[in-house]
> 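Just passing along the structure, written as C-alpha cells.
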Amino acid sequence: MSSAYTIGHYVRTTLPRIGLEFILPSIPNISVFHSLFKSCSETKDSRWAFITFRRLLESNVKPSDLTFSLLIKAYVADASSSTVIDSPNTKIEANQIQTHLRKSGFNQYVYLTTAFLDFYGKLGCIYYAQHLFEEMPRRDVVSWNALICGYSRNGYDYDALEVFVQMLREGFPPCQRTLVGLVPSCGRPDIIFQGKAIHGFGIKSGLDLDCRVKNALTSMYAKCADLQAAEVLFEEIFEKTEVSWNTMIGAYGQNGLFDEAMLVFKQMQKERVEVNYVTIISLLSANAHLDSTHCYVIKTGFATDASVITSLVCSYAGCGNIESAGLLYNLMPQRNLVSLTAMISGYAEKGNMGLVVECFTQMLQLKMKPDAVAMVSILHGFTDPTFIGSGLGIHAYGLKTGLCADCLVVNGLISMYSKFGDIETVFSLFSEMGEKQLISWNSVISACIQVGRTSDAMELFCQMRMYGHSPDAITIASLLAGCSEVGFLQFGERLHNYVLRNNLDMEDFLETALVDMYIKCGRLESAERVFKSIKEPCLATWNTMISGYGLSGHEHRALSCYSEMQEQGLKPDRITFLGVLSACTHGGLVWEGKRYFRSMREDFGMIPGLQHNACMVDLLSRAGFLEEAVIFVKNMEVEPDSAIWGALLTSCCIHQELKLGECLAKRLLLLDYYSGGLYVLMSNLYASKGRWDDVARVRKMMKDTGGDGSSGISLIEVSSLEKMNNSLCLSDLSLNTNYWQLSSPH
DNA sequence: CTAGGGTTAG
C-alpha cells in the first residue's frame with residue numbers, strides 16, 4: 001500500500017500528465033488506483049482524478065465502493081476552489097461517475113449516495129441532490145444532514161427548516177452537524193423566530209455545547225442585528241476557535257461597530273489564536289485601516305491567498321482608490337468574479353463607463369458567468385441618457401441569460417430606466433416583477449418623484465402600504481422631496497410624524513429632506529426647529545439651511561448660519577457658496593457677496609463655476625452696478641452661458657436700461673436661446689419705456705418662433721387630502737389626489 | 001460553523 005501511495009505521489013509531483021502508462025504495472029491492481037485517488041485529494045485535482053478513473057475502467061479493473069468514495073473525496077477537496085465549482089465540466093463529470101455508481105450497484109451503500117448528494121449540494125445543483133435523496137431506499141442521519149446543508153447553503157432556507165422538521169417526525173435524532181447545517185438558514189430577520197426555536201432545541205438536547213453550533217448561532221444573531229445575543233453566545237463558547245473569533249469580528253463589522261471589531265481582533269491576538277484568511281477578510285470589511293492591513297497581509301504571508309487579495313481589491317475599489325485596486329487585480333494569478341465585480345463597481349462609481357464595459361467584456365472572455373450582483377454593478381453606472389444604448393444591451397444580455405428573473409437585477413433596471421427618465425419602462429418592469437421588495441417600491445417611488453410625477457408616487461405609496469410594507473427612511477425621504485416639489489406641507493408634516501412615531505433612523509439624507517421640505521413649503525420656523533434638533537448636521541443639511549434662509553429672505557441669518565457651520569469645523573463646498581452668494585443677491589449685499597466670492601478661491605482653493613459667476617452677475621446688476629457686471633462677465637474665465645446673459649437682461653428691465661438690454665438680447669439670440677422668457681423680458685423692457693411699437697414687434701416674433709415657449713403652471717393644494725394622510729396609519733384606502741392644475745394666463 | 005462583489009436617498 002505504501003509503495004502504491006508513493007507511485008501516486010510520484011505521478012502527481014514529478015511526472016505530471018505524461019501518461020499513466022509509464023507508471024502503472026502491466027496488470028494494475030485496484031490499490032494502485034486508490035492511492036492515485038488519494039494523492040488527487042491531497043493536491044485537490046479532480047480533473048486528474050477523473051482521468052485516472054477512466055484509465056481504471058479501460059484497464060478492466062473492477063471498482064469497489066471504496067473507489068467511488070475516494071473519487072468523490074477528490075472532488076470535494078477540489079471544490080474548495082471556486083473554479084471547479086463554477087465549471088460546467090464538474091457537473092457533467094459528477095453525473096458520469098454517478099451513472100457508474102448506479103450501474104455497479106454501489107448506490108445501495110447509503111454513505112456513497114449521501115456523498116454524491118452532498119457534492120451536488122456544494123455544486124449548487126440542489127435539484128439533483130433532492131432527487132437523489134428522494135430515491136434513496138434507506139437513509140441515515142448523515143443523508144438528512146447533507147440535504148439540509150444543501151438547501152441551506154443554496155438559500156433555500158424554508159426548505160431546510162421543513163426537512164429538519166420532517167427528519168424529527170421520522171424519528172432521526174439530529175446531531176451537532178444537523179444544527180451546524182441548519183442554523184445559517186435562520187440568519188434572516190424574517191425567520192429569526194424559527195432560529196430561536198432551533199436554539200432552544202439545541203439547549204434542550206445539549207447539542208449547543210458544540211463549539212461549531214455556537215459559532216453558527218452567534219453568526220445567526222449577528223445577521224439579525226441582535227448583537228447582545230451574539231455577545232452572550234460568544235462568551236458562552238468554552239473553547240473558542242479562530243472561527244469563533246472571526247464570527248465575532250464579522251458580527252461587529254456587519255453592524256457598523258468597527259472599533260469593537262478591532263478590539264476583538266486585538267483580544268484574539270492576545271490569546272494567541274491563529275489568524276486565518278477569513279480573519280483578514282472580516283477585518284477589511286469592518287473598515288480596518290487599509291494601508292496597515294495591507295502591510296499586515298504582506299508580512300504574515302496572506303498575500304498569496306486569492307480570497308484575501310480579492311478582499312483588498314474590493315476595499316481599495318470601495319474607498320475610491322481604483323488605481324491601487326487595479327494594480328492588485330492585475331497581479332492576481334487567478335482572477336475571479338468577485339474581484340472583477342468590485343473593479344466594475346469602482347469604475348462605475350467614478351463614471352468611467354468605458355472601463356466598465358471593458359471589464360464586462362473581460363468577464364465574458366475569461367468565461368466567468370456574470371451573476372445578479374455583477375449585473376447590478378454594471379447597471380449602476382448608466383447614470384444618464386447618453387448610456388441608453390449600452391444599458392439596453394445589458395438588459396438584453398440579462399434577458400438572454402435569464403438573469404432578469406432575479407429581483408436584484410430588476411431593481412437595478414428600474415433605477416437605470418428612471419435615470420434615463422423612461423418612466424413607462426419603469427412601470428412595466430415593476431408591474432411584471434413577482435416579489436416586490438421594499439427596495440423595489442422605493443425605487444419606483446423615487447423614479448416618479450425624479451420625473452415630477454408626485455401624485456403617482458403618492459398613489460404608489462398607498463399601494464405599498466396595502467401590500468403590507470412599512471416605509472423606511474428612504475421611502476420617506478423620497479416622498480418628502482416630492483412634497484418639497486409641489487409644496488405639499490400637510491403630507492410632509494404627516495411624514496415627519498411618521499418618522500418620529502416609528503423611531504426611524506435619522507440619517508443625514510432624511511434630516512436634509514425634512515429641512516428642505518419645511519423650507520420649500522414656507523415653514524422656516526419648523527425647518528429651524530428640525531435643524532436645531534439634529535445633533536451633528538452634515539454638510540448637506542447645513543447647505544440646505546443656508547440656502548433656505550436666503551430663499552426666505554433672511555440673508556443675514558443665512559450668513560450667520562454659514563459662520564456657525566465653520567465654527568463647527570465643517571468646510572464649505574461649492575453648493576454652500578451657491579447658497580451664500582444667492583442669499584447676498586436676495587438681500588442686495590454687494591460688498592459681502594464680493595467678499596465671499598473672493599474667499600471661495602483664496603481661503604478654500606475652489607475655482608468658482610458658472611453658477612457662482614451667474615450669482616455674482618445677478619448680485620451686481622440687480623443692485624444697479626450694471627457696468628461693473630458687464631466688466632465682470634468680460635473678465636470671467638469661463639464662457640458665459642444663457643443664465644448669465646439672462647441675469648443681466650433681467651436687471652436691465654429693473655433699471656430700464658434699454659440700450660444694454662437690446663445688445664444682450666442679440667447675444668442671447670446668437671446663443672440660440674429662444675425661450676419665451678427672453679421675449680417677455682424684452683417686451684416688458686420696451687413697455688417700461690412706453691415703446692409700444694417695439695412691444696408689438698417682440699410679441700409677434702415670439703408667436704412666429706413657436707408660441708410663448710413655456711406657459712406657467714401653478715399647483716394649488718385644494719382638498720383636505722385626508723385619505724392620503726390616513727394612509728400613514730391605515731392601509732385600506734386607495735388615493736385620489738385632488739389637484740387643480742391652473743394654467744396662468746399671459 | 002466564519003468571508004469578499006450589488007440595488008433605493010444624496
Side-chain angles (χ1 to χ4, degrees), chain A residues 82 149 152-153 176-177 179-184 187 210-220 222-223 237 241-251 253-254 276-286 305-315 317-318 325 336-346 348-349 370-381 406-416 418 437-447 449-450 472-481 507-513 516 538-541 543-544 575:
Chain A
S82 59
C149 192
S152 174
R153 71 162 74 219
Q176 288 92 331
R177 276 192 171 276
L179 297 194
V180 169
L182 176 64
V183 168
D210 185 276
C211 171
R212 286 167 306 172
V213 175
K214 278 230 162 67
N215 292 340
L217 285 166
T218 310
S219 164
M220 175 189 84
K223 291 224 162 70
I237 304 174
T241 62
E242 74 275 18
V243 177
S244 322
W245 290 94
N246 293 346
T247 307
M248 212 51 216
I249 293 173
Q254 285 152 18
N276 70 9
Y277 72 101
V278 180
T279 320
I280 313 255
I281 293 171
S282 307
L283 278 176
L284 282 169
S285 67
D305 187 291
S307 303
V308 170
I309 299 299
T310 301
S311 257
L312 278 169
V313 170
C314 296
S315 300
N336 58 42
L337 187 63
V338 175
S339 52
L340 192 47
T341 305
M343 290 302 297
I344 285 180
S345 81
E349 189 71 26
D371 62 359
V373 176
M375 286 284 285
V376 168
S377 318
I378 297 164
L379 292 173
H380 182 51
D406 194 310
C407 67
L408 288 183
V409 177
V410 183
N411 287 340
L413 285 169
I414 286 176
S415 69
M416 178 184 81
S418 80
Q437 306 167 319
L438 179 60
I439 231 176
S440 322
W441 287 95
N442 284 350
S443 304
V444 75
I445 286 173
S446 95
I449 303 281
Q450 277 166 35
D472 65 357
I474 290 169
T475 327
I476 304 290
S478 306
L479 289 166
L480 281 170
E507 290 176 69
D508 289 341
F509 64 85
L510 182 52
E511 292 163 349
T512 312
D516 188 57
C538 68
L539 186 61
T541 318
N543 287 348
T544 308
I575 295 169

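Residue numbering restarts at 1 for every chain, and letters A, B, ... go by the order of the sequence lines.
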> Pick base, sugar-phosphate or nothing for A:Thr310, based on heavy-atom distances below 4.0 Å to the nucleic acid.
base

> Roughly how many Å is it from CD1 in A:Ile378 to P in B:dG5, rounded to a whole number?
16 Å

> If you take all heavy atoms of A:Asn246 and A:Ser282, which pair is closest and at what distance?
O-OG, 4.1 Å

> Can you identify which nucleotide, out of B:dT7, B:dA9, B:dG5, has its nearest atom closest to the A:Cys314 side chain?
B:dG5

> Among the nucleotides B:dA9, B:dG4, B:dC1, which one has an atom lying closest to any side-chain atom of A:Ser446?
B:dA9

> So does A:Asp508 reach the base of B:dG10 with its side chain, donor to acceptor, closer than 3.5 Å?
no

> Using atom CD of A:Glu349 as one end and atom P of B:dT8 as the other, report the distance to the nearest whole Å.
10 Å

> Go through B:dT7, B:dT2, B:dG5 for me and flag the one nearest to the A:Ile439 side chain.
B:dT7

> What integer distance in Å separates A:Leu480:CG from B:dA9:C1'?
11 Å

> What integer distance in Å separates A:Gln437:CD from B:dT8:P?
13 Å

> Which residues pass the side-chain hydrogen bond (donor to acceptor under 3.5 Å, both in side chains) test with A:Thr341, sequence neighbours left out?
none

> Over all strands shown, is A:Ser311 touching base, sugar-phosphate only, or nothing at heavy-atom distances under 4.0 angstrom?
sugar-phosphate

> Using whole Å, what does the distance between atom P of nucleotide B:dA3 and atom CG of A:Asp305 come to?
15 Å

> Hey, does A:Glu511 reach any base, or is it just sugar-phosphate, or nothing, if we go heavy atoms under 4.0 Å?
nothing

> For A:Leu479 and B:dT8, give me the distance from atom CG to atom P, rounded to whole Å.
17 Å

> Classify A:Val376 by what it touches in the nucleic acid, base, sugar-phosphate, or nothing, heavy-atom distance under 4.0 Å.
sugar-phosphate

> How long is the line joining CG of A:Leu510 and P of B:dA9, in whole Å?
14 Å

> Taking CG from A:Leu340 and C1' from B:dG4, how many angstroms apart are they, rounded to a whole number?
14 Å

> In chain order, what residues pass the side-chain hydrogen bond (donor to acceptor under 3.5 Å, both in side chains) check against A:Asp371, with sequence neighbours excluded?
none

> Can you tell me which nucleotide in B:dT8, B:dT2, B:dG5 comes closest to the side chain of A:Ala374?
B:dG5

> A:Asn215 side chain: which of B:dC1, B:dG5, B:dA3 is closest?
B:dC1

> What is the distance from atom OG of A:Ser339 to atom CD1 of A:Ile309, rounded to the nearest 0.5 Å?
10.0 Å

> Atom OG in A:Ser311, atom CG in A:Leu284: separation rounded to 0.5 Å?
5.5 Å

> How is A:Ser377 classified with respect to the nucleic acid when contacts are heavy atoms under 4.0 Å: base, sugar-phosphate, or nothing?
sugar-phosphate

> Nearest to the A:His380 side chain among B:dC1, B:dG10, B:dT8, which nucleotide is it?
B:dT8

> From B:dG5, B:dC1, B:dG10, pick the nucleotide closest to the side chain of A:Ser345?
B:dG5

> Taking the minimum atom-to-atom distance to the side chain of A:Ser415, which one of B:dT2, B:dC1, B:dT8 wins?
B:dT8

> A:Gln450 near the nucleic acid: base, sugar-phosphate alone, or nothing, with a heavy-atom cut-off under 4.0 Å?
sugar-phosphate

> Could you measure the distance from the CG atom of A:Leu510 to the CD1 atom of A:Ile476? Nearest 0.5 Å is fine.
7.5 Å

> Under 4.0 angstrom, heavy atoms only, what part of the nucleic acid is A:Asp371 near: base, sugar-phosphate, or nothing?
base

